[in-house]
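A short worksheet on the structure shown next.
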Amino acid sequence: MTTMATQGAFLRLRVSLPSKSAAKPTELGFLSSQLSGLRISQGPSTDVINRISLPSFPGTLQPIVARRICPFTGKKANRANKVSFSNHKTKKLQFVNLQYKKVWWEAGKRFVKLRLSTKALKTIEKNGLDAVAKKAGIDLRKK
């Protein structure tokens, strides 16, 4: 016998073995969760892999979106208020000024294409690419 209890966004299942008089071996019970779309079946002849089937999404390949964060300085979007003339405040994001830039890497004797903030670009011009990358923990040989 399977019972289902939900807490918040998580699904918790408790499975107890049926007694000999409680259920017939030919019965097949189904449970479905409205939270996560899981379908769990209980039966005497099915194994664990066949019991859980995840919902299929129409687009199986999700687009890869670059995060709006600077890898060198760690700058990311700031939450702010957009204030109208009537002093009505609505939330908005102030994004980092990220730029794609090819920077000459002296140790590698080549250009490295980076997506960095303008603040990081000024820091690289002042301290050098190797020093800034080492401080941020970025390995330039991979790129």
Side-chain angles (χ1 to χ4, degrees), residues 1-19 22-23 25-143:
M1 176 176 211
T2 305
T3 59
M4 180 174 61
T6 58
Q7 281 185 343
F10 297 104
L11 178 69
R12 186 174 29 152
L13 293 174
R14 283 181 272 157
V15 178
S16 60
L17 295 174
S19 63
T26 58
E27 290 181 359
L28 189 64
F30 290 101
L31 293 176
S32 64
S33 168
Q34 295 177 354
L35 294 175
S36 62
L38 276 165
R39 180 177 168 177
I40 304 169
S41 64
Q42 172 195 5
S45 63
T46 58
D47 57 323
V48 175
I49 296 173
N50 292 334
R51 288 184 196 179
I52 299 175
S53 63
L54 296 174
S56 61
F57 297 104
T60 56
L61 294 176
Q62 297 292 329
I64 298 173
V65 179
R67 293 182 62 198
R68 292 177 174 155
I69 187 168
C70 178
F72 291 97
T73 59
K75 285 181 172 278
K76 56 186 177 180
N78 182 38
R79 299 241 2 207
N81 283 325
K82 179 180 177 183
V83 183
S84 68
F85 179 75
S86 63
N87 206 24
H88 181 76
K89 295 175 180 71
T90 56
K91 296 289 183 186
K92 71 171 191 171
L93 285 176
Q94 295 172 338
F95 294 114
V96 182
N97 188 7
L98 291 175
Q99 306 292 327
Y100 285 100
K101 187 77 177 167
K102 287 199 292 188
V103 182
W104 178 254
W105 181 32
E106 189 63 38
K109 303 290 184 207
R110 64 183 176 96
F111 282 98
V112 181
K113 188 174 182 183
L114 301 170
R115 186 179 191 209
L116 42 86
S117 64
T118 52
K119 175 73 175 180
L121 189 60
K122 288 175 71 174
T123 308
I124 287 172
E125 288 176 1
K126 180 180 178 182
N127 299 333
L129 182 60
D130 284 327
V132 176
K134 184 178 179 182
K135 185 176 180 181
I138 297 172
D139 187 15
L140 296 173
R141 291 175 285 160
K142 294 180 192 176
K143 296 183 179 189

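For the numbers below, each heavy atom of this structure counts, side chains included, while hydrogens, waters and symmetry mates do not.
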So, does Arg115 use its side chain to make a donor-acceptor pair with the main chain of Ile69 at under 3.5 Å? no

Within the 4.5 Å heavy-atom criterion, are Lys113 and Lys101 side-chain neighbours or not? no

Look up atom OG1 in Thr90 and atom CG in Asn81, then write down how far apart they are to the nearest 0.5 Å. 7.0 Å

Are the side chains of Thr73 and Ser117 in contact, using a 4.5 Å heavy-atom criterion? yes

Where Ala136 and Pro71 come nearest, the two heavy atoms and their spacing: CB-O, 3.8 Å

When rounded to the nearest 0.5 angstrom, what distance separates NZ in Lys82 from CG in Leu93? 12.5 Å

Which heavy-atom pair separates Ala77 from Val96 by the least distance, and what is that distance? N-CG2, 4.0 Å

Rounded to the nearest 0.5 Å, what's the gap from NZ on Lys119 to NZ on Lys122? Could you check? 6.0 Å

State, yes or no, whether a side-chain contact exists between Lys134 and Val132 at a heavy-atom distance under 4.5 Å. no

First locate atom CD1 of Ile138, then atom CG of Leu116, and finally report the distance between them rounded to the nearest 0.5 Å. 9.0 Å

Can you tell me how far apart NZ (Lys135) and CG (Asn127) are? Round to the nearest 0.5 Å. 7.5 Å

Is any side-chain heavy atom of Phe72 closer than 4.5 Å to one of Leu121? no

What pairs meet the ring-ring contact (aromatic ring centres under 6.0 Å, His included) rule with one or both residues in residues 85-106, with sequence neighbours excluded? Trp104-Phe111

Heavy atoms, side chains only, cut-off 4.5 Å: are Ile124 and Val103 in contact? yes

Side chains of Lys89 and Asn87 in contact at under 4.5 Å (non-hydrogen atoms): yes

Candidate pair Val112 and Lys102, rule side chain to side chain contact (heavy atoms under 4.5 Å, CB included), full reasoning: CA-CA 5 Å; Val112 181; Lys102 287 199 292 188; over 6 Å; no

Gln99 and Thr118 have their tightest heavy-atom pair at CG-CG2, 4.1 Å

